[in-house]
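Input: a single structure, listed below in structure tokens.
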Number of protein chains: 2
Amino acid sequence: MVSKPRMEFPRPFTTVDVVIFSVIDEQLQVLLVQRPKGGEEPFPGRWALPGGFVNVALDADLEACARRKLREKTGVESPYLEQLGSWGGAARDPRGWSATHVYFALIAGAQLTLTKGANAADVAWFEVDALLAKPRMAFDHAEILLAAVERLRAKVEYTSLPAFLLPEPFTLPQLQRVYEIVLGRPVDKSGFRTRMLAAQFLEEAGAVEGDSRRPAMGYRLRDRDSAVVFPRTFSPRGSPLGGR
Amino acid sequence: MVSKPRMEFPRPFTTVDVVIFSVIDEQLQVLLVQRPKGGEEPFPGRWALPGGFVNVALDADLEACARRKLREKTGVESPYLEQLGSWGGAARDPRGWSATHVYFALIAGAQLTLTKGANAADVAWFEVDALLAKPRMAFDHAEILLAAVERLRAKVEYTSLPAFLLPEPFTLPQLQRVYEIVLGRPVDKSGFRTRMLAAQFLEEAGAVEGDSRRPAMGYRLRDRDSAVVFPRTFSPRGSPLGGR
DNA sequence: CAAATAGTGTCTTTCAGACAATATTGT
DNA sequence: ACAATATTGTCTGAAAGACACTATTTG
């Protein structure tokens, strides 16, 4: 008779990784961490998504763990954070059967100056499309990054996600620019404004400020905790399916 | 010097659960398993999602594990299977820090007769809305079920998912009925047909058969591995947002 | 031939996309 | 005033929703 049922079978190890996106220099970028070169660590010197083992003592749940990783690497406290999915199997980590829970985060470009908060040298931003073209990442992180980018681009077609990539307050032209950067194509000005304002997720940040000649109305998110879903996708005349 | 880096910290345990949906008796139902009553098992006698620990020896990866659980409980080999997300934390299982990877599956109503394939008495179908109204499930499975139902209902608005809930070949009126059952509201016949046929995911299963007075064209899925995404949601005139 | 359901057609409204016009500010 | 960009307006076409109509089969 045992006090607990037999729990002595081998357990996979559990990690959490975070795909942290931001728009810097007019490009969609991802934060990566370089793996230690010496020691017995797998993929020495390779770049990887920030993440690591769940700490049973520190982390109340998976999301808390993701927030901890994010805080440690960027100093950012309250980003947009969404679960992306999980990847697990015998082959993805040479140390054994592992499963990782992946989150993706959107943070504002301005906040990156804080990046050097905790660590520093081994952290860097990478332009997403360049990374995807020549994937040399640790573990199965290239696959995970691809899934994250696809999810992001898909959701940008019909949600307000890009608003989380800008520091507040932001103007509608700035927001439009972010949409165009992430989507990789121009967006009609008039339709864009109609859509954003109709969706009711913005509130005027009173004053205006200048990013160009004429100042524009500043806006702020009504709710920083969740994105808004539009009734239809952005879709240039020709494209048959929106692609969600 | 150790051959491997220190991996001796406490690991959470890893499980996989599957939310198996089907339409039976004109209702959306979900398959649950009753937890053993004796022994030291948590939640004795409660109903739970089928699932359990990842078997490092048997399961190549998470999806394989999910398919194994599904096969063991239903005998179904190739359902529609999609990852739903993961839930993990210190509090969800009395035995300790645990993380579960959840999949959701759609199987055709006719296949359920095979249900008694492997196990039997401790497995049963439950009408989804009744379950959600009075959740008495083990672990955090009520929360997980809710998430699964929300995901399903949301995707039914703009994908061909309901086709996986019918045995082939099926007719368009039958398919429409499934949409109506899952969505909980009537759908216009004309628009429905236009949409389904325009989406190109069906192929005529030659002959016809009868479910009512007049026989109808039978259809089969062109691709049983993935669902099709429609450009817009079903949306009755009034509703402002589709809700994805 | 009547009942019942499969399948088609038509009208209206909505709304995204395209593009043009106007407004506002710094220099 | 001019340049540059913010902001608004108009037109058009595509497609969804509503609803009526036709077709086909069984009993």
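Here the structure is a predicted model, which means the values were calculated and not measured. The sequence lines fix the lettering, A, B, ..., with proteins before strands; numbering per chain opens at 1.
Following rounding to the nearest Å, A:L172 (CG) and C:dT24 (P) show an atom-to-atom distance of 17 Å. Counting to the nearest Å, the C1' atom of D:dT5 and the CE atom of A:M217 are 16 Å from each other. Between the CD atom of B:E180 and the C1' atom of D:dG17 there is a distance of 14 Å, rounded to whole Å. Taking atom CZ of residue B:F192 and atom C1' of nucleotide C:dG7, one finds them 13 Å apart after rounding to whole Å. The distance from atom CZ of B:R195 to atom C1' of C:dT8 is 19 Å, rounded to the nearest whole Å. Remark: C1' of C:dT5 and CZ of B:R193 are 10 Å apart, rounded to the nearest angstrom. For B:L197 and D:dA16, the CG to C1' distance is 16 Å, given to the nearest whole Å. The distance between atom NZ of A:K189 and atom C1' of C:dA21, rounded to the nearest whole Å, is 10 Å.
With hydrogens and angles left out, the side chain of A:S190 and the base of D:dG9 share a donor-acceptor pair within 3.5 Å.
Across every non-hydrogen atom of A:F139 and A:R92, the tightest pair is CD2-O, 3.5 Å. Across all their heavy atoms, A:D223 and A:F164 have their closest contact at O-CZ, 4.3 Å.
Aromatic ring centres of A:Y179 and A:F192 lie closer together than 6.0 Å.
In terms of phosphate contacts, A:R214 brings no side-chain nitrogen or oxygen within less than 4.0 Å of OP1 or OP2 of D:dA4.
Residues A:D188 and A:T194 each lie close to DNA chain C; by heavy-atom proximity, the contact nearer the 5' end of the strand is made by A:T194.
A donor atom on one side chain and an acceptor atom on the other are found under 3.5 Å apart for B:H101 and A:S86.
In this structure, the nucleotide among D:dT8, D:dG17, C:dG7 sitting nearest to the side chain of B:A216 is C:dG7.
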